[in-house]
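Let me begin by presenting the structure, written as structure tokens, before commenting on it.
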Amino acid sequence: MYTKTMKVDPEKIDKIIIDSAAKIIKRGGLVAFPTETVYGLGADGMQKEAAAKIYEAKGRPSDNPLIIHIAKEEDVFHLAKEVSPTALKLIDVFWPGPLTLIFEKQKDVPNETTGGLSTVAVRCPSHPIARKLIKASGKFIAAPSANLSGKPSPTMAEHVIADLKGRVDMIIDGGSVSIGIESTVLDVTGEIPVILRPGFITKEMIEDVVGEVKIDPAIQGDLSLGMQPKAPGMKYRHYAPQGELTIVEGKDIELVAEEINSIAEVMLSQGKKVGIIATDESANLYRNGRVLSIGSREDDTTVAANLFRVLREFDSLGMEFIYSESFEDGKLGYAIMNRLLKAAGHRLIEVKGKDEVLEKNKIIFVCTTNSTRSYMAHIAMAQLLNNQNIEDVQVTSRGLIVLFEEPVNPKAQICLEAHGYEVKDHVTIQLTQEDIDAGCMILTMTEAEKNKVIEEYENVKRIYTIKEYANEQGEVLDPYGKEVVDYEYCLRELERLVEKTMIRLKGGK
Ligand code: TXA
Ligand code: MG
């Protein structure tokens, strides 16, 4: 397919170009255009064949629904079955702008656009080019971010050209976008609004308008048992650069830079190409590797604005390993880390100063059912903490598939009691989104369990298999169905690993 690329100045919009783009939309074609958040890949949202073309061009799974963009706020009534007073307030305050609202859909919104859901996502963008294009086409424009599925979202026309040239009819080049991360997605179908994807409009901003707001309680439980996360896009790998990205986090930025410098030195000595994501304030702390500043910590809207561009720049520089500082403290920290963690596949190194090694720690041991391995690790760790009089660390355990409450496995109980542990009335507990907070560290028994947590829960930051944390290879497998002696072996191994966990927690290697 031949792709026309046309430059349009957002301050002085060329009507002829917009009209020709609108014509493409009307006849069911694809046009990429700038919005205030990221570039979108647009097509007529009410035409099912047009929606199908979007999925094909992006290489995106067709169960991942699209956002429909409107230019006039009142058009929401054509798409939503019902617009609650809460939704009306939000529309009044935040539209046009980077807030997407989820409603029950009207019948004539095609299932192809909504990924088969009975709900529809609606957004009224503020970018003048997006608004003119929607108006000129007379259509409602379905538009996901204009990147190939899995790549960082595009914040400049060059990114769209790199991903979609030859796959779409037209690309409107309106320069760099201003916000740089996608809109906040908010489900307003229930009593209390629920954030399904964090974005530029923060939880606090929404709460100021409508009171209580929740953060996605749906991304928990087991996909294979038929539960779907509410924003289906959240379950796929996202934003990944070609190089392997690792986040290095710590309170003391000089220690963080020191850690990155020493890792980079080793990598560079092995002939690897190393990129470093720094800030205006920290860039001069790095001694080697290719250093790019992502913005200023003084104003984290600059970090959001540059995030995807910097990831793509490291791709074009051919960087094989990328190390990034962490950005969770500012107003947009939640939204930025949501993307950065996904891009890093949750690879995270923590750097702690001597006096903060045991601070703010909640350890959650996780296995499949929480009846044996995670519970054994849990009480072994609890006893160790108790013996060493450490009170700052909390420890608990959870399971990934807990269909009903069960007591500890009887064979595990025999072994635990033989080792002198007091087995209280433990019942198995399912890991939920609420368990996951800023200070927690999750230790799983196997890689598969680790991946499942990363895929199904939001904003998991510190997660390792227990052997990985102890710098060992391999996994702790479930002795279920085997002899008592196998449970005994498992417990001894966990006791050993818990001791190593403790050493590393205290700052040892
Ligand atoms: O800022 C933005 O929102 C950009 C620009 C182009 O407007 N668009 C964007 O679209 O990011 P996309 O398709 O990359 O992401 C849409 C997100 C996905 O996570 C998707 O699963 C969710 O919104 N979504 C769409 N319809 C939904 C629905 N009916 N229910 C729940 N989530 C939905
Ligand atoms: Mg996207």
Side-chain angles (χ1 to χ4, degrees), residues 31-43 45 51 54-55 57-71 79-81 94-106 109-127 129-131 133-134 140-155 159-160 163 172 174 177-190 193-201 216 218-219 228-240 304 308 335 338-339 342-343 458:
V31 177
F33 60 96
T35 80
E36 70 277 22
T37 55
V38 298
Y39 272 74
L41 170 58
I54 291 181
Y55 291 114
K58 270 185 72 99
R60 169 164 166 157
S62 62
D63 66 342
N64 192 356
L66 306 172
I67 296 173
I68 299 190
H69 296 66
I70 58 177
L79 300 167
K81 213 188 223 168
F94 295 113
W95 280 8
L99 177 68
T100 296
L101 297 174
I102 309 287
F103 302 97
E104 288 301 328
K105 77 177 185 74
Q106 293 270 20
V109 178
N111 285 325
E112 283 74 7
T113 302
T114 63
L117 297 175
S118 65
T119 51
V120 61
V122 186
R123 157 158 143 75
C124 181
S126 63
H127 195 289
I129 294 179
R131 298 178 63 75
L133 175 64
I134 300 165
F140 304 139
I141 299 188
S145 49
N147 51 287
L148 285 175
S149 198
K151 293 268 202 118
S153 298
T155 57
H159 303 157
V160 184
D163 278 15
I172 301 179
V177 302
S178 58
I179 292 177
I181 53 175
E182 307 87 340
S183 62
T184 305
V185 177
L186 187 73
D187 184 341
V188 286
T189 58
V194 183
I195 295 179
L196 305 185
R197 177 176 72 184
F200 188 80
I201 307 289
D216 201 0
I219 302 184
Q228 288 286 336
K230 279 240 178 109
M234 303 300 269
K235 75 180 184 219
Y236 303 106
R237 277 264 170 290
H238 258 71
Y239 314 122
F308 293 136
N338 176 275
R339 274 97 181 155
K342 279 179 211 252
E458 277 305 295

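Residues: numbered from 1 along the sequence shown. Both ligands and their constituent atoms are indexed starting at 1 by order of listing. Only heavy atoms go into these numbers, but all of them, side chains included; no hydrogens, no water, no symmetry mates.
- The proximity of Thr114 to ligand 1, defined as any non-hydrogen pair under 4.0 Å, does not occur for either the backbone or the side chain.
- Side-chain N/O atoms of Glu182 and Ser153 include a donor and acceptor closer than 3.5 Å.
- Distances below 4.0 Å separate heavy atoms of Glu182 from the following atoms of ligand 1: 1 (O), 2 (C), 11 (O).
- Inter-residue side-chain proximity for Thr119 and Glu104 is flagged as met; some heavy-atom pair is nearer than 4.5 Å.
- Contact atoms of ligand 1 toward Val185: 23 (O) (distance under 4.0 Å to a heavy atom of the residue).
- Listed by number with element, the atoms of ligand 1 under 4.0 angstrom from any heavy atom of Ile102 are 27 (C), 28 (C), 30 (N), 31 (C), 32 (N), 33 (C).
- Closest to atom 14 (O) of ligand 1 by heavy atom, among Ser145, Gly199, Pro125, Pro154, is Ser145.
- Considering both main-chain and side-chain atoms, Thr119 comes within under 3.5 Å of ligand 1 through a nitrogen or oxygen pair.
- Glu36 has its side chain within reach of Pro125: a pair of non-hydrogen atoms, C-beta onward, lies under 4.5 Å apart.
- The shortest side-chain heavy-atom distance between Lys342 and Glu458 falls under the 4.5 Å cut-off.
- A donor-acceptor contact shorter than 3.5 Å links the side chain of Lys58 to the backbone of Ser145.
- Heavy-atom proximity to Thr37, at under 4.0 Å, picks out these atoms of ligand 1: 1 (O), 2 (C), 4 (C), 5 (C).
- Counting atoms of ligand 1 from 1 in the listed order, those under 4.0 Å from a heavy atom of Ile67 are 3 (O), 8 (N), 9 (C), 10 (O), 16 (C).
- Using modelled atom types and a 3.5 Å distance limit, the side chains of Thr100 and Ser183 yield a donor-acceptor pair.
- Rounding to the nearest 0.5 Å gives a distance of 11.0 Å between OH of Tyr55 and OG of Ser149.
- Pairing each heavy atom of Ala142 with each of Leu66, the nearest pair is CB-CD1, 4.0 Å.
- Heavy atoms of Lys105 stay at 4.0 angstrom or farther from ligand 1.
- Nearest residue to atom 12 (P) of ligand 1 from Lys58, Arg60, Arg123 is Arg60 (criterion: closest heavy atom).
- In Asp187, neither the side chain nor the backbone holds a heavy atom less than 4.0 Å from any atom of ligand 1.
- Taking 2.8 Å as the criterion, Ser145 counts as a coordinating residue of the Mg ion (ligand 2), since one of its N, O or S atoms falls below it.
- Which of Gly42, Ser183, Ser118, Ala143 comes nearest to atom 8 (N) of ligand 1 through a heavy atom is settled by distance: it is Ala143.
- Residue Leu117 has at least one heavy-atom neighbour below 4.0 Å for each of these atoms of ligand 1: 28 (C), 29 (N), 30 (N).
- Ile67 CD1 to Leu101 CG: the interatomic distance, rounded to the nearest 0.5 Å, is 10.0 Å.
- Side-chain contact, Arg123 with Thr35: a donor N or O sits under 3.5 Å from an acceptor N or O.
- Less than 4.0 angstrom separates some heavy atom of Gly40 from each of these atoms of ligand 1: 6 (C).
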